[in-house]
Amino acid sequence: MGPRARTAIGFAAAALLAATGAAFLPGTASAGTTLGASATEKGRYFGTAVAASRLSDGAYTTILNREFNSVTPENEMKIDATEPQQGQFSYGAAEQIVNHARSRGMSVRGHTLAWHSQQPGWMQNMSGSALRQAMLNHVTQVATHFRGQIVTWDVVNEAFADGSSGARRDSNLQRTGNDWIEAAFRAARAADPGAKLCYNDYNTDNWTQAKTQAVYNMVRDFKSRGVPIDCVGFQSHFNNDSPYVSNYRTTLSSFAALGVDVQVTELDIQGASATTYRSVVEDCLAVARCNGITVWGIRDSDSWRASQTPLLFNSSGQKKAAYDAVLAALNNGTTPTNPPTTTPPTTTPPPTDPPSGSCTATLQDSTRWGDRFNSQVTVSGASSWTVVVSVTPPQKVSATWNGSPSWDGSGNVMTMRSNGSGNVFGFTTMANGNWTRPVVQSCTAS
Ligand code: 9MR
């Protein structure tokens, strides 16, 4: 099939999509070429941990910018990085990552506000109510500083003990009182009410293990008492001692059934088995509230466990078999089991009048979920174009594909430029309670 015929089918498919409201059309031109684009087509993000020190490495940023649409600072938002001296905050490296990501339309996961590890020396030496106060101040200050820029915060990280006890992990924070976790969540909610708030942990993948059950019970308790928790992060560092297990999907769906989102937050797999990577992706796609996957680094050489070669790209930046498996799973996976909860608005968008006969951009509704929706814009009349789209506050665009976005100061106006990916681009809008359709403001041939 020649490219022309393929394009014609693409248009026909797009028309069918509009007519039927069908969610996905595997194999359309807009799907399937990068992890981020393919995940977005499934209503998910695909992210990676990023180290600020590597942003000057061109091979690294080439892969980052091409493949991923969510970013987690690997160390730069931890307590020792952001508050090295008590009351003196340091945000430079974190901001570097946030700016790199947001200027390219990637969303940011903030990691992490409260943790027993990587505490600065001054905090390690504290205890009791002084420590509790210092921890809450830290949560408040950091979440306030980045307010509006972080889609999801890991508010509390790794607060449960390994092994069969099902107990909280002993730490100076835990010794301030069992309610330290909920206190941290309340402080985070107050400081950044628009962000999703996650509890994040490792060795919580196996549904039958005590630690998994202990976290589950905490989340259930939080939900029943109105503690502001929105999501649970599963680090999912799989290795020979702590392997992927087939009940992982049960774990994800069981937590989701409590009324929280679930996210795979730090995925890496010793040896990078393509089969195991595929299973993880399929498990996430099978759970409606699994809204994204983050791998813990880009190339094997970027990994905290480099010798286990656990990532999707080898140290030369080439795609591994695991990459192909993940991409295929994202493209061919089952459609999310949360079909659109509400029929998308059916009003026909008026075609944009092209200024001085330049190009036309037509926006169509695509998939809609409980908290967000996708839109697809088809450009005709130019192969190289700039389209300006606006969303209505407090809506926020959380992901884009098949174009290069930039933003005005308000964050409500997105300028999308063609990037050689064709004439159809898309984006995900977090509704934040407002379901107004985004508006194409202009289309300019360039
Ligand atoms: O990948 C991180 C590594 O560079 C740091 O040295 C390490 C220090 O604790 O933290 C690593 O990231 C951890 C993450 O913050 C929490 N879950 C486990 C990750 C791997 O250790």
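Count residues from 1 along the sequence. None of the values given here were measured: they were computed from a predicted structure. Scope of the values below: all heavy atoms of this structure, side chains included, with no hydrogens, waters or symmetry mates.
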I'd like to know whether the aromatic ring centres of [X] and [Y] sit less than 6.0 Å apart in this structure.
X      : Y      : value
Tyr199 : Trp153 : no
Tyr248 : Phe238 : yes
Phe255 : Phe234 : yes
Tyr216 : Trp207 : yes
His138 : Trp115 : no

- request: Report yes if the side chains of Ser117 and Asn157 come closer than 4.5 Å at any heavy-atom pair, otherwise no.
  value: no
Less than 4.0 angstrom from a charged side-chain N to a carboxylate O is my criterion; do [X] and [Y] meet it?
X      : Y      : value
Asp201 : Lys211 : yes
Arg189 : Asp230 : yes
Arg132 : Asp179 : yes
Arg54  : Asp57  : no

Taking atom types as modelled and ignoring hydrogens, do the side chains of [X] and [Y] form a donor-acceptor contact shorter than 3.5 angstrom?
X      : Y      : answer
Asn374 : Arg368 : no
Asn203 : Ser242 : yes
Ser107 : Asn69  : no
Asn314 : Gln318 : yes
Asp241 : Gln270 : no
Glu76  : His111 : no
Asn247 : Asn206 : yes
Gln85  : Trp122 : no
Gln235 : Thr265 : no
Gln141 : Asn137 : yes

task: Would you kindly check if the NZ (Lys) or CZ (Arg) of Arg372 is within the cone defined by 45 degrees around the ring axis of Trp435 and under 6.0 Å from the six-membered ring centre?
output: no
Cation-pi geometry met for Lys320 and Tyr277 (6.0 Å, 45°): no
Between atom [atom1] of [X] and atom [atom2] of [Y], what is the distance when rounded to the nearest 0.5 Å?
X      : Y      : atom1 : atom2 : result
Gln213 : Thr204 : CD    : OG1   : 11.0 Å
Leu64  : Arg104 : CG    : CZ    : 7.5 Å
Asp371 : Arg289 : CG    : CZ    : 7.5 Å

query: Taking the inter-plane angle between the rings of Phe46 and Phe68 on a 0 to 90° scale, is it parallel (under 30°), tilted (30 to 60°) or perpendicular (over 60°)?
result: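 Tilted.
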message: Ring-plane angle category for Phe89 and Tyr91, please: parallel below 30°, perpendicular beyond 60°, tilted otherwise.
response: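 Parallel, since the angle between the ring planes stays under 30°.
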query: So, for Gly110 and Ile150, which heavy atoms are closest and what is the spacing to 0.1 Å?
result: N-CG2, 3.4 Å
- request: Measure across Asp192 and Gly148 and return the closest heavy-atom pair with its distance rounded to 0.1 Å.
  value: OD1-N, 3.5 Å
message: Closer than 3.5 angstrom, by distance alone: can the side chain of Ser90 be matched with the main-chain N or O of Thr82 as a donor-acceptor pair?
response: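 Pair absent, no side-chain N/O of Ser90 close to backbone of Thr82.
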- request: Please assess Asn172 against Arg175 for the test side-chain hydrogen bond (donor to acceptor under 3.5 Å, both in side chains), listing each intermediate value before the final yes or no.
  value: CA-CA 5 Å; Asn172 59 350; Arg175 289 190 292 271; 5.8 Å; no
